[in-house]
Asker: 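Handing you this structure, nothing more for now.
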Amino acid sequence: MKTSYPLVIIGAGPAGMAAAQVAAAQGVEVAVIDEQAQPGGQIYRNVDSSPLADAQLLGRDYLLGKPQVQAFRHTPIEYFPASAVWYLDRNREIGLLHQAEHRRIEAGSIVIACGAQERPMPIPGWQLPGVMTAGAGQILLKSAALVPSQPPVLAGSGPLMLLLAWQYLRAGVGVRAIVDTTPRHNRLQAMLRLPRALAAAEYLYKGLKLISAIKRARIPWYLEARNLCADGDEQLQRLRFDSRGGAVEIETGLLQLHQGVIPALQLADAAGCEMRWSEMQQCWQPLVDAWGESSIAGVFIAGDAAGIGGARAAALAGQLAGLQVAFRQNRIGQQQRNRLARPLQIALRRHLAIRPFLDSYYRIDNDAQLSDGTTLVCRCEEISAAEIDAVAALGCSGPNQAKAFTRCGMGHCQGRFCGASVEILLARHRACSVADIGRFTTRPPLKPVTLGQLAAASGDQS
Amino acid sequence: MFRRLEDSAPERIEIEIDGEPVLVPAGISLAAALFYLDAMPSRRTQLSASPRAAFCMMGACFECLLEVEGEGSQRACQLQVRPGLRAWRQLDPLEPGANS
């Protein structure tokens with residue numbers, strides 16, 4: 001392993017794999033760091049090493065990843081799987097944990113391609129065993145061929161929830177119920193954006209296919225659900241909620257929650273990239289130019305980490321970032337870059353045409369979030385919504401002061417699963433937009449590193 | 001809570017959970033193995049001893065922390081099972097290292 005590379009790519013999902021292939025093809029020396037043991041990211045997890053007898057049950061879009069993963073495996077790069085970046089700064093210095101050892105790497109350019117995480121869906125009891133994210137259910141299916149022993153309840157909103165229900169049906173597992181929290185008033189806003197979405201009609205077709213399969217299976221589908229509450233002592237026993245004015249209670253041992261995905265921002269934050277609030281996607285996004293370059297020269301962000309666009313858009317954005325890095329490092333001229341980029345830009349625009357429709361259809365209703373003060377906002381430090389409300393009432397100035405007052409966001413997950421909730425609660429208290437509230441400061445270590453690992457590395461370098 | 005799809009790869013390996021030998025499918029993560037074994041909860045919190053289990057399965061939530069080969073608080077979703085692997089659930093919140 002070297003101590004410096006002209007290009008370091010963090011993440012081997014569709015964006016990272018594509019950036020690596022394009023840059024390497026133009027002669028750039030590339031290192032790729034990924035937390036997973038296999039390339040593909042969460043979306044194409046285990047796509048060329050599936051434990052399933054027939055991976056087709058996951059759907060055609062999943063199998064699209066197979067040639068990408070295989071091409072990546074044959075790309076001449078240095079690949080560090082099962083490795084974590086725990087430190088990153090604006091000078092493009094990286095702290096890497098590889099095979100349980102700390103290494104310091106300097107990068108000429110960086111492409112951050114660490115994808116998305118699920119948007120937290122805090123409800124009372126979401127910390128109970130038996131409650132997990134829909135994404136977790138899908139990872140168990142893709143990577144371990146595990147399916148629920150009893151039909152689960154899926155609750156929330158968004159394409160991934162429907163996709164998981166469809167995949168469970170194809171795997172011969174029932175679904176007990178879908179508890180749909182999508183606000184009814186989103187429909188009009190979405191319909192206004194339907195004409196533009198027709199440019200990417202295959203996404204609409206896929207959505208209709210999922211919905212009609214779920215309806216054919218006669219799965220109970222509760223609409224406009226609110227006030228969800230997961231109930232149980234040692235494990236989940238039941239889900240209670242209101243749907244169209246009526247109170248419903250469903251006995252279940254497994255609840256899978258989902259309300260969309262948001263960019264994973266820790267790395268871009270650690271580097272100090274400038275962020276903006278997206279009203280449309282209801283999340284923070286790093287500011288990037290048409291090539292994916294952030295406010296910090298030489299730090300690119302591609303794929304869902306820069307704003308949710310899905311796997312196909314992510315691969316195209318990764319290719320564009322790879323071209324720009326090759327151009328900056330004088331591997332290709334401006335004309336050649338532009339010529340290679342044009343078809344990618346056209347395809348990217350087409351794949352993103354579906355987003356305004358999807359984003360407005362599945363836009364979360366912040367007023368419906370955290371309606372019960374007993375809800376744990378911070379699962380790690382066990383801080384409730386009422387406790388955040390209390391510090392807000394005291395005049396708490398923002399998320400970082402709320403953190404200092406309550407320890408909310410100081411636990412193991414470092415705010416990944418409470419940051420969005422704290423922002424919503426503080427914005428509600430001040431009757432302003434989340435854009436005016438700001439966000440937690442991210443500080444390394446971004447992933448756990450031991451003092452022993454740091455000490456061993458400094459011994460090597462002295 | 002979870003079962004293995006019947007037509008998937010049949011290979012099983014032996015690992016140890018809480019000192020007990022158990023058979024789990026090869027090639028899966030330790031967190032997946034706990035769901036397969038129905039070993040719930042997979043830990044208790046240090047603050048209130050409340051029961052927890054893996055939540056995100058992608059390394060972000062840190063709910064699946066387990067003691068693995070004597071190292072405390074490892075993310076079970078990021079570790080693959082291998083023959084002979086020894087892991088302990090952190091069920092005693094007052095003494096996280098008391099198992100080994």
Side-chain angles (χ1 to χ4, degrees), chain A residues 35-37 42 45-46 49-54 57 82 84 100 115 117-118 120 126-133 135-141 143-150 152 171-173 232-235 253-254 257 264 266 376 379-382 411-414 416-417 447-448 450, chain B residues 1-11 24-65 68-69 71-75 77-82 89-91 93:
Chain A
E35 204 164 29
Q36 302 299 323
Q42 301 303 336
R45 213 167 151 136
N46 291 78
S49 57
S50 177
L52 296 163
D54 183 7
L57 80 84
Q117 69 160 72
E118 272 175 276
W126 70 318
Q127 70 276 16
L128 283 168
V131 185
M132 62 173 59
T133 65
Q138 206 187 37
I139 289 168
L140 287 167
L141 180 56
S143 69
L146 292 187
V147 291
S149 318
Q150 300 293 325
V173 182
D233 190 16
E234 280 290 288
Q235 285 195 35
L254 181 60
L257 299 173
Q266 274 72 26
L376 278 193
R379 300 167 59 103
C380 303
E381 296 291 328
E382 302 185 51
H412 271 115
C413 92
Q414 294 172 295
R416 288 173 174 89
F417 279 85
K447 291 285 156 84
T450 67
Chain B
M1 201 178 287
F2 281 82
R3 65 177 171 88
R4 179 93 158 167
L5 279 175
E6 279 139 27
D7 54 1
S8 49
E11 195 195 339
V24 298
I28 71 175
S29 71
L30 189 49
L34 291 183
F35 282 123
Y36 173 77
L37 296 166
D38 223 353
M40 295 291 125
S42 65
R43 72 176 181 108
R44 286 187 184 280
T45 65
Q46 290 197 39
L47 286 164
S48 68
S50 73
R52 297 290 172 94
F55 182 71
C56 82
M57 290 298 291
M58 53 184 273
C61 77
F62 291 75
E63 289 287 17
C64 62
L65 299 181
V68 181
E69 301 290 1
E71 290 264 355
S73 296
Q74 303 295 301
R75 285 175 295 166
C77 71
Q78 300 293 306
L79 294 168
Q80 301 284 108
V81 293
R82 55 174 192 275
R89 291 185 287 165
Q90 297 179 167
L91 296 176

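Just so you know, these numbers come straight off a predicted model, no measurement behind them. Order of the sequence lines sets the chain letters (A, B, ...), proteins ahead of strands, with each chain counted from 1.
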Asker: Provide the closest heavy-atom pair for B:Met57 versus A:Arg45 in the form atom of the first, atom of the second, distance.
Answerer: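 That closest heavy-atom pairing would be O-NH1, 3.8 Å.
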Asker: Taking atom CD1 of A:Ile139 and atom OG of B:Ser29, what is their separation to the nearest 0.5 Å?
Answerer: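 Here the interatomic distance stands at 9.0 Å.
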Asker: Need one label for B:Ala26: side chain, backbone, both or neither, based on atoms under 4.5 Å from any heavy atom in chain A.
Answerer: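 Interface part for B:Ala26: neither.
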Asker: Looking only at non-hydrogen atoms, find the nearest pair between A:Asp233 and B:Pro51 and report the distance.
Answerer: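 Answer, listing the atom of A:Asp233 first, then B:Pro51: O-CG, 4.1 Å.
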Asker: Please flag which part of A:Gln138 lies under 4.5 Å from any non-hydrogen atom of chain B: side chain, backbone, both or neither.
Answerer: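 Neither part.
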Asker: Go through A:Gly411, A:Ala53, A:Pro148 and name the one with the most non-hydrogen pairs under 4.5 angstrom from chain B.
Answerer: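 Of A:Gly411, A:Ala53, A:Pro148, A:Pro148 has the most heavy-atom pairs under 4.5 Å with chain B.
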Asker: Chain B: which of A:Gln150, A:Glu234, A:Gln117, A:Arg416 shares the most heavy-atom pairs with it under 4.5 Å?
Answerer: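 Most heavy-atom pairs under 4.5 Å with chain B: A:Glu234.
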Asker: Heavy atoms only: give me the nearest B:Ser8-A:Leu52 pair and the separation to one decimal.
Answerer: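 Closest approach of B:Ser8 to A:Leu52: CB-CA, 4.4 Å.
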Asker: With heavy-atom distances below 4.5 Å as the criterion, would you say the side chains of A:Asp54 and B:Asp7 are in contact?
Answerer: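 Counting from C-beta outward, A:Asp54 and B:Asp7 never come under 4.5 Å.
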Asker: Is the side chain of A:Ser149 donor-acceptor paired with the backbone N or O of B:Met1 at a distance under 3.5 Å, no angle test?
Answerer: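 Checking the backbone N and O of B:Met1 against the side chain of A:Ser149, a donor-acceptor pair under 3.5 Å is found.
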Asker: Mind checking the NE2-OG1 spacing from A:His412 to B:Thr45? Nearest 0.5 Å is all I need.
Answerer: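 Going from NE2 on A:His412 over to OG1 on B:Thr45, the span is 12.0 Å.
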Asker: Between A:Phe417 and B:Phe55, how do the two ring planes meet: parallel, tilted or perpendicular, split at 30° and 60°?
Answerer: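 Perpendicular.
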Asker: Is there a side-chain contact between A:Leu141 and B:Leu5 in this structure, where contact means two heavy atoms from C-beta onward sitting under 4.5 Å apart?
Answerer: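 Yes. Closest side-chain heavy atoms under 4.5 Å.
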Asker: Taking atom types as modelled, is there a side-chain donor on A:Gln127 or B:Ser50 under 3.5 Å from an acceptor on the other?
Answerer: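 No.
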Asker: Taking every non-hydrogen pair under 4.5 Å, which of A:Ala84, A:Pro152, A:Ala136, A:Ala264 racks up the most with chain B?
Answerer: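 Highest number of pairs under 4.5 Å: A:Ala136.
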Asker: Is it the backbone or the side chain of B:Glu63 that comes under 4.5 Å from a heavy atom of chain A, or both, or neither?
Answerer: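 For B:Glu63, the contact with chain A is made by the side chain alone.
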Asker: Closest approach of A:Glu382 and B:Ser48, non-hydrogen atoms and distance?
Answerer: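 Closest heavy-atom pair between A:Glu382 and B:Ser48: OE1-OG, 2.5 Å.
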Asker: Against chain A, label B:Leu79 side chain, backbone, both or neither, depending on which of its atoms sit under 4.5 Å from a heavy atom there.
Answerer: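 For B:Leu79, there is no contact with chain A at all, as no heavy atom is under 4.5 Å.
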Asker: Quick one: does A:Glu35's side chain get under 4.5 Å of B:Arg75's, heavy atoms only?
Answerer: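 The answer is yes, as the side chains (C-beta and beyond) meet within the 4.5 Å cut-off.
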Asker: Backbone N or O of A:Arg379 within a donor-acceptor pair of the B:Arg52 side chain at under 3.5 Å?
Answerer: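 A pair under 3.5 Å: yes.
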Asker: Hey, are the side chains of A:Leu146 and B:Arg4 touching, using non-hydrogen atoms and a 4.5 Å cut-off?
Answerer: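 A side-chain contact exists here, since the closest heavy-atom pair is under 4.5 Å.
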Asker: Taking all heavy atoms of B:Cys61 and all of A:Cys413, pick out the closest pair and write down the distance.
Answerer: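 That would be O-CB, 3.6 Å.
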Asker: Side chain, backbone, both or neither: which part of B:Arg43 has an atom under 4.5 Å from a heavy atom of chain A?
Answerer: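 For B:Arg43, no heavy atom lies under 4.5 Å from chain A.
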Asker: Rounded to the nearest 0.5 Å, what separates atom OG in A:Ser143 from atom CE in B:Met58?
Answerer: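 So the OG of A:Ser143 and the CE of B:Met58 are separated by 12.5 Å.
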